[in-house]
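Here's the structure we're looking at; comments come further down.
Throughout, protein chains are lettered first and strands after them, A, B, ... in sequence-line order, and every chain is numbered starting at 1.
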Amino acid sequence: MNEIIESVKNLSIGFNSQKGKQISILRNVSTNIKKGETVGIVGESGSGKSTLALAMMGYIKQGLFPLKGECLFKSKDLLKMSSRQLEKIRGRKIAMIPQNAGQALTPNLKIGYQIDEALKLHTDLNKTERDKKISELLNKVRLPSPETMAFRYPHELSGGQQQRVAVAMALAGKPDLLLLDEPTTGLDVTTQAHVLELLRFIAKDTGTSMIYVSHDLGAIAQVSDRIVVMYAGEIVLEGPARKILKEPIHPYTYGLLKSIPKLSLAGLPASMPGSQPQPGSINEGCSFYDRCNLATDNCKKNSPDLEHIKELDTNVRCFNYRELINQNNNLQTSITKKLNNSEANEVLKLMDVSISYAKQKFFDQLLNKISDQNPTVKDINIDIKKGETIALVGESGSGKSTILKSIAGLLKTKDGQIKFENDRILSSDLKMRNPNDLRAIQLIFQNPDESLNPNHTVEQILSQPLKLYFNLSGEELKKNIIDLLKKVRLGEFYMSRYPRQLSGGEKQRVAVARAFAAKPDIILCDEVTSALDVSVQAAVLNLLQQLKEDLGTTYVFVSHDLAVVRAISDRVAVLYQGRLCEIGPSQNVYKFPSHPYTEVLLGAVLEPDPDIKPKLVAEDIVEEKPPEKGCSFQGRCPRKIGDICNLEVPPWQIGENGNAIRCHINIDELASLQQ
Amino acid sequence: MESNLITEDKHKNKLEKAFEILKTMASKPSGLIGLSIVLFHVVLALLSPYIAPYDYKAISPNTMLLAPSAEHWFGTDSLGRDVFTRTILGGRTALTVTFFGSLIALLWGGLLGIFCGLVGGKIDDVVMRVVDAFLSIPWILAMLLIVSLLGTSTEVLIPALGFFYGKGIVRVARAATHDVIAKDFIVSARARGHSNMSIIWNEIIPNVRDAILVEGAMRWSWMLLGFSSLSFLGFGVSPPTPDWGLMISNARGLMSFAYWSVIAPIVGLSSLIIGINLTADAFAKALGIDRSTKAPV
Ligand SMILES: Nc1ncnc2c1ncn2[C@@H]1O[C@H](COP(=O)(O)OP(=O)(O)O)[C@@H](O)[C@H]1O
Ligand code: SF4
Ligand code: SF4
Ligand SMILES: [Mg+2]
């Protein structure tokens with residue numbers, strides 16, 4: 001177990017800037033990977049984790065070059081090898097699984113054929129041996145019916161299944177070291193939990209060493225024996241997984257763990273100020289200095305070395321780490337938020353809303369009628385109270401964004417009505433809405449790179465709604481823009497910046513400011529923190545909460561992340577295949593009894609804690625379409641009771657906690673089943 | 001502190017940005033050569049009426065087909081006119097006609113393309129079919145028809161050329177618009193209730209402008225060739241207007257013994273075409289580089 005297979009020594013990698021300066025994005029990185037060990041490399045985007053992982057298989061991205069140091073694989077330096085020599089090692093000795101395995105598979109070749117190619121390339125087996133090996137591999141990665149799976153094309157598999165095929169292909173050459181770069185990012189929660197479970201099993205079963213790169217401490221916690229934390233191109237903390245996650249002794253790791261919303265905790269996570277410095281902007285001192293609350297003058301001038309602490313079996317890069325030893329019971333705290341008073345009036349009502357994407361027949365188009373027996377979204381009834389935050393959760397494709405779009409008037413409803421203030425019906429056609437209704441409902445999108453015009457300055461972006469709704473100009477316009485920036489904690493000098501000159505969190509703040517510029521009553525938030533780093537996510541969540549408490553705005557908050565939803569929402573509605581499963585106050589939905597789908601979702605959440613394992617109760621299959629009849633969850637329900645689930649739409653039942661559940665199982669029975 | 005992300009073009013106004021682009025274009029040899037050629041032609045065209053040594057239309061039987069000399073640098077043509085005078089004035093004609101022609105192509109092609117890209121669906125289909133159908137007629141034949149109906153004045157040639165060379169621009173503008181309208185910032189503007197005009201002006205044009213301008217510059221060099229071909233065939237500007245196509249056409253038969261009268265316009269035409277092409281290339285590259293100045297992290 002103690003044999004080292006790969007050893008990185010003092011590795012620095014960098015590039016030449018346009019002004020001809022050398023800028024390093026990895027600085028002095030040293031670490032060892034032992035045989036049979038799974039090492040998690042965690043860090044925010046831009047921390048250099050992928051660059052490190054790629055260098056560990058002897059690959060340096062174009063435009064970058066090694067400045068110093070070496071990557072020794074079985075005592076040979078990968079960075080000095082010719083591409084011939086590397087070819088012999090890659091795939092055979094070191095294999096890699098990328099983030100989007102679906103894209104890495106060749107679309108027009110059958111799965112079996114592609115695995116066979118990998119076997120031909122990396123082993124000396126003959127045809128019959130290879131055929132046997134293919135079904136063995138497909139079995140090992142637990143794909144259903146491996147015999148027929150080999151004859152399918154990649155697009156016939158779900159994202160999770162494609163990822164399993166990628167694992168099978170990587171295992172084809174019996175590698176000593178498996179590199180995984182964000183292998184479950186982008187998969188649904190339930191799928192993610194399944195894939196991680198598989199990886200853990202494979203690591204144990206085959207004794208392969210793994211390097212697992214991710215920004216997600218929840219995923220890292222599930223698979224790693226040891227964790228390496230990267231920040232701004234350096235290793236800041238390294239040690240046994242349990243120690244790092246439970247007693248982090250570096251201020252960054254400590255803050256990072258505190259900024260992750262957790263299922264077990266109500267209230268908002270604490271946020272860290274600022275964001276990671278850009279490569280090349282750190283000259284002297286500790287790279288975390290700007291954001292650190294333990295920083296002293298010494299940290300500003302001198303940069304700490306990675307220090308080995310024998311008792312803890314940990315390496316840490318911090319002068320003041322001692323202050324954090326035994327501090328860590330504090331990890332389980334969060335910021336309490338003001339709960340919304342439930343007596344308020346309703347501002348928005350969704351009444352029997354159904355939405356269809358089906359292409360309409362010519363005749364129906366003429367009659368302006370939408371006919372679709374099985375629409376994407378069906379029978380949605382939600383009353384939204386003034387000033388509350390209601391969350392819609394569900395896996396991707398569950399219709400969350402679809403519902404938001406139709407509230408915003410971007411998508412016509414098939415049936416049902418959307419009523420706004422005093423039961424006035426909102427037209428489902430944007431063009432028919434009056435300007436005041438348009439102003440009252442604003443949207444914030446997932447990815448600020450897409451939602452901000454790259455050719456506009458922040459000033460131009462924010463003046464759009466101000467000009468449109470309030471006819472502002474000149475000094476008054478400028479004053480309002482500055483006020484808005486202040487509201488989202490950005491300085492006046494941001495006005496002349498373009499989106500590409502801002503960090504992810506700053507961009508999303510601008511998007512938030514643009515929504516608030518309209519002085520809206522309701523803001524529709526579509527996965528607004530999903531594209532952000534965790535430490536930044538916490539700051540944006542806190543900002544949204546603060547603004548809401550100050551201004552009394554109502555949020556409809558869409559997310560696939562149950563922990564985030566728990567942190568921010570007053571009420572939760574759980575969706576499966578465009579149908580409501582459960583709705584209720586959030587502190588109650590997270591207790592039992594839950595709808596069987598809520599139970600599955602909650603079970604699959606990955607907590608950044610090696611002692612909380614996900615509960616995998618349902619298969620991670622992906623359904624293409626909602627079922628025509630009966631309960632929407634019948635295809636995957638682990639508690640299904642029989643034909644009644646297939647035939648009849650389940651009734652609503654109200655639990656004593658106040659959450660409503662749509663299931664054929666009696667609610668008291670569900671409670672006792674789940675206890 | 002050097003952070004190539006944050007400090008870059010922080011306080012630059014439009015003029016400074018244009019200058020920056022020019023600088024980037026000139027930083028590569030091909031761009032520098034292209035820019036110099038174009039600049040040379042433009043300056044010459046502007047000054048030509050003042051520096052032309054002779055009257056471009058003065059016919060003189062005494063000076064027919066003289067070889068290059070101190071008095072007539074490029075010699076004289078079959079009617080005894082000074083070839084140097086006619087060459088520099090010819091450049092002025094070519095540049096004026098094609099510059100304004102390209103402008104028209106840019107305007108109608110760009111706007112129609114953006115419109116089609118924005119509305120999409122049936123209207124887009126129909127408009128694109130009509131544009132294709134119109135322009136599948138060989139343009140030389142169509143020009144012949146137009147010229148014979150309306151004459152060969154520049155007031156006819158400029159819009160006609162602009163019309164025929166706008167087709168490619170329609171396609172480019174439409175494709176660029178298609179890419180842009182899928183983005184959330186357009187959805188966001190629509191959801192706020194901005195009018196189509198405001199969305200085109202504020203959200204789409206700033207994002208498709210570069211692609212359209214580059215295409216326009218490319219079309220310009222093609223139009224130059226097209227325009228000269230027209231004159232060469234006799235459908236372009238009419239004599240005695242000094243024009244390269246006409247000059248080449250007139251001198252063609254005399255090539256074997258009075259090569260000078262044909263060399264100057266050919267050199268003028270090809271150098272300008274090459275110059276514009278190189279410039280357009282450098283322009284595209286400069287804008288492309290501008291878009292990807294992100295650090296390769
Ligand atoms: N423009 C579209 N045309 C057809 N189907 C769509 C379109 N957009 C979304 N869908 C389908 O509608 C369902 C719900 O999608 P969406 O509302 O985006 O879900 P979510 O936001 O919960 O991930 C999915 O099955 C998706 O494939
Ligand atoms: S060295 Fe100083 S600034 Fe850096 S992490 Fe430690 S306490 Fe904070
Ligand atoms: S109705 Fe049946 S299938 Fe649906 S959730 Fe309840 S038990 Fe499961
Ligand atoms: Mg969505």
Side-chain angles (χ1 to χ4, degrees), chain A residues 15 17-19 21 23 25 45-46 48 51 61-64 277-283 405 408-410 430-431 433-435 437-439 441-456 460-461 464-465 468-469 493 496-498 500-503 511 514-515 518 524 526, chain B residues 1-14 16-17 20 23-24 27 119 121-122 176 179-213 286-287 289-297:
Chain A
F15 62 94
S17 77
Q18 286 196 321
K19 290 173 187 142
K21 256 177 82 174
I23 292 178
I25 57 174
S45 55
T51 311
K61 267 187 271 182
Q62 210 184 357
L64 300 179
Q278 291 292 337
S281 64
I282 314 147
N283 282 344
K405 283 206 181 116
L410 292 164
L430 200 67
K431 295 250 156 32
R433 292 192 180 179
N434 72 44
D437 290 347
L438 289 170
R439 180 198 57 75
I441 302 179
Q442 294 290 314
L443 262 164
I444 307 175
F445 297 83
Q446 169 169 2
N447 189 347
D449 286 325
E450 294 250 322
S451 70
L452 303 179
N453 189 331
N455 277 303
H456 282 177
Q460 284 169 311
I461 289 168
Q464 301 276 344
L468 179 72
Y469 298 128
F493 58 92
S496 57
R497 298 254 180 109
Y498 287 93
R500 65 172 177 280
Q501 297 166 328
L502 306 177
S503 71
R514 178 175 63 188
L524 312 173
D526 194 352
Chain B
M1 192 203 298
E2 181 189 87
S3 163
N4 39 359
L5 289 179
I6 307 298
T7 50
E8 163 223 7
D9 63 61
K10 197 188 293 179
H11 298 295
K12 282 184 190 140
N13 60 29
K14 293 223 161 75
E16 278 170 313
K17 255 189 232 153
E20 190 87 334
K23 236 172 71 186
T24 323
S27 66
V119 296
K122 292 253 154 59
D179 289 346
V180 172
I181 57 162
K183 296 271 165 73
D184 280 341
F185 62 83
I186 305 277
V187 181
S188 170
R190 288 221 329 261
R192 278 199 300 275
H194 284 284
S195 66
N196 270 350
M197 260 335 272
S198 141
I199 291 179
I200 290 181
W201 190 250
N202 288 315
E203 311 288 344
I204 298 178
I205 288 188
N207 288 294
V208 298
R209 188 188 48 205
D210 294 354
I212 295 178
L213 279 181
L287 292 173
I289 288 162
D290 195 17
R291 276 195 232 107
S292 60
T293 27
K294 284 189 203 130
V297 184

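In this structure, the separation between OG1 on A/Thr51 and CG on A/Leu64 is 6.0 Å, given to the nearest 0.5 Å. Interatomic distance, OH of A/Tyr498 versus CG of A/Leu452, reported as 13.5 Å (0.5 Å rounding).
A/Leu410 is linked by a side-chain contact (heavy atoms from CB on, under 4.5 Å) to A/Lys405, A/Ala408, A/Leu430, A/Leu443, B/Val187, B/Arg190, B/Ala191, counting only residues two or more places apart in sequence or in another chain. Listed by chain and number, the residues in a side-chain contact (heavy atoms from CB on, under 4.5 Å) with A/Ser451 are A/Phe445, A/Pro448, A/Ala511, A/Arg514, B/Asp184 (sequence neighbours excluded). With sequence neighbours excluded, the residues that form a side-chain contact (heavy atoms from CB on, under 4.5 Å) with B/Asn207 are A/Asn453, A/Pro454, A/Asn455, B/Val180, B/Phe185.
For A/Gln464, the parts sitting under 4.5 Å from any heavy atom of chain B are the backbone and the side chain alike.
Note on B/Arg192, B/Lys183, B/Arg209: by heavy-atom pairs under 4.5 Å with chain A, the leading option is B/Arg192.
Using a 4.5 Å heavy-atom cut-off against chain A, the contacting residues of residues 196-206 of chain B are B/Asn202, B/Glu203, B/Pro206.
Of all non-hydrogen atoms in A/Pro279 and A/Ile25, the two that sit nearest each other are CB-CG2, 3.6 Å. Residues B/Thr24 and B/Ala286 share a closest heavy-atom pair of CB-CB, 4.0 Å.
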